[in-house]
Amino acid sequence: MKAVRATGLVKRYETTCAVDGVDLEVAEGEVRGLLGPNGAGKTTLLRMLFGLVRPDAGSVELFDRPLHPPDAVPLQGVAGFVEDPCFYPYLSGRANLEILAELDGGPAGQEIDDALERVDLARRSGHRVSGYSTGMRQRLGVAAALLRSPRLLLLDEPTSGLDPAGTREVSSLVRELAGQGVAVLLSSHLIGEIEDVCDGFTVLRRGRVVWNGTAEELRAQAPASAYALTTSDDERALEMAGDQFGVRADRLSTGGVAITVEAGCLDPYVLALGQAGVAVRRLELRESALENMFFALTGP
Amino acid sequence: MRGGVRGVFRVERRKLAAQLATRVLALVCLVGPFAFAAILNVQNGTPADTLLGVWVHSSGFAISLVVLGFAGAWGFPLVVGVLAGDMFSSEDRYGTWKTVLTRSCSRRDMFAGKLLAAMTFSLGLVALTALSSLLAGLLLVGDQSLVGLGGAVLSPGHCLILVLASWLVSVLPVLAFTSLAVLFSVATRNGIVGVLGTGLVALVTQLLDLIGKGVLVHMLLIGSAFDGWQGLFTTHPFYGPLAVESIVSVGWIVACLGASWLILRRRDFAGTPATGRPGWIRPVRVVAVFLVVIALLAIASNWGPVGVTRARLRGSLTPTFNNVALLQQRLLGRKVRAGAKLNIVTTCFRRTSTQQGPGDWTCTLDVFIPTLGENPFQQAPVTYDVSVQSDGCYKAESPPAFVGQQTIRDTQKHQVVNPLFVIYGCFDTL
């Protein structure tokens, strides 16, 4: 059973076609990244999956049950948020969760405690949401989604506004939920933030799907990664790059060497440098293969 | 599990209770009538322009009715505007539609639950004001008899029943204004228009009541049923306008809620950037439609049968004057037999060329008093300036030279209101 099966979705706003014939499937237990630059149609697509926006054409099935906007009740177990999670600012974080639990059918004291604990908001839960930072609201949004015991999680840029530690926590939470069989659709305009979490990617550009497949397929088709290299002898490193298969090198204006490396060609080059007595002092990823692929797919 | 309508209602109840505005409104409804009665108690003035206002020092029931008169004209439209006018638009302001509609609630649940909460709180505040004004009147003034709108004296028990019935009559127009506030809130997505919109409508209703002589438009106005209680206080109560205005209120409720639901049901919750329209366009459109409706109503205000006519005014003022004149005589200690009738010939003319319609009238009541001399009757003319409203209620005032001062001394040497000084009455305009 597919958690999400969207077919031929179209949504127009006056003269703009926000989503133009999108097909999308997400399996149970799969984490799918929905990628695209700003304005690609990711949020509109998620809104249609939630029933917040009526498609002009196409259909949505969640767990094999058709969604009938505009008066559709979100299915049990479907949770998440679109754009920034929004709450009532004059109520506390806990009161907001209590209200959402009430809308889901009743009080859920222990579940609320657990969800707040899980997103590290337990200590601030009694404070008014108006005083929360963007990252705290994001965490509260995740907690609100967890309250619904999700089988399908739709998250729109969930790491936006989070510090690196928060981003890691969300990624690890998503992986943990996926391990329990939860399907996750994760949108982002930064592939670097979600590339390690996702099993597959759907890339949107101007409302259309320009790439759809697994993470392995994407990596296989991805162009070379770009690194910044600093060694004990940059001249020698440049010379050796010319002799190595799949490695290209240029001098960086700020010092060091810029190298682009085909998949599988980095390790032999680094080993060769070591054998030649050139110490690698710093090797920094500048653009991953997936990022390069993303830019290639969504660029102008 | 689903929260459904009940879940939404509980949530809205909690949100309303948490808001400062709701608490302030409840406080005003509770304390306001007491403050009003207390201020009147320490000063001599009376709100004589309001129906029965001259009796506020004489009967506690008049306090409640004056509060009802003010609340119907201004208070309740503003109160329900604050309560319901931001109930839907606040979700737009906080961006929380997407939060609540992605829980186990449909739009239908949200609409019904919010509506139920708005109406419950609105009626709760009406009940609070009714109770508070009645208690304020009874505790600070007393449960004395009240001179009704036909000049007849109503016993305290009768007054209590009529006052409670009058507040009950206001339920439908309050719900109509609540529905209108909901419509403003849903249609404009703007809290300011939602909150102030009903107050503006109340203002326009008051202005429209001043123009045109046709009864049709006046009865179709949303707040017309607030005046329905007045017919209950006449010597011969009439219920026609009350029935029609109540049906009109139901019509407003159905129309406003139907339109609100259609708008909400069809709406895409896409966020402002997706539509690409500036936020002010929608409220401006609604205000423009509103202005067109007002213009049409103003034009149509002369249509239909005329409610205020010379014959109706004369037919109401004559027996009312008879009743209050005899009451005055009793207060002064003169014996008046039950059912006595003065010989009165009343002539009325309107101070404009058209001799029909609401506005300022002048009525002269020639009272023929039997004498023992050559002339069997002594003619005593009394002239009243009569301000007639479109709903058929009027206030008649006469200079002290004709009817004496505002207060007189009764047989027990108490200063009491001179019932001839200001006369209130109502007649059926249908």
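Naming: A, B, ... by sequence-line order, numbering from 1 per chain.
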Segment of Ile99(A) engaging chain B (4.5 angstrom heavy-atom cut-off): both

Per-residue contact mode, Tyr88(A) against chain B (heavy atom under 4.5 angstrom): both

For Trp167(B), all residues meeting ring pair (Phe, Tyr, Trp, His ring centres under 6.0 Å), sequence neighbours excluded: none

Residues Arg47(A) and Asp268(B) bridged, charged N to O under 4.0 Å: no

Polar side chain donor-acceptor pair, Asp156(A) to Ser187(A), under 3.5 angstrom: yes

Sorted by number, residues from residues 82-93 of chain B in contact with chain A (heavy atoms, under 4.5 Å): Glu91(B)

Within 6.0 Å of CZ in Arg14(B), more than 12 heavy atoms from elsewhere: yes

Ile263(B), CD1 atom: more than 12 neighbouring heavy atoms under 6.0 Å: yes

Counterpart residues, salt bridge (charged side-chain N to carboxylate O under 4.0 Å, His left out), relative to Glu12(B) (two or more places apart): Lys15(B), Lys114(B)

Under 3.5 Å, which donor-acceptor pairs do the side chains of residues 114-122 of chain A form with other protein atoms, sequence neighbours left out?
residue, atom, partner, partner atom, Å
Asp114(A), OD1, Gln110(A), NE2, 3.0
Arg118(A), NH2, Glu176(A), OE1, 3.4
Arg118(A), NH2, Glu176(A), OE2, 2.4

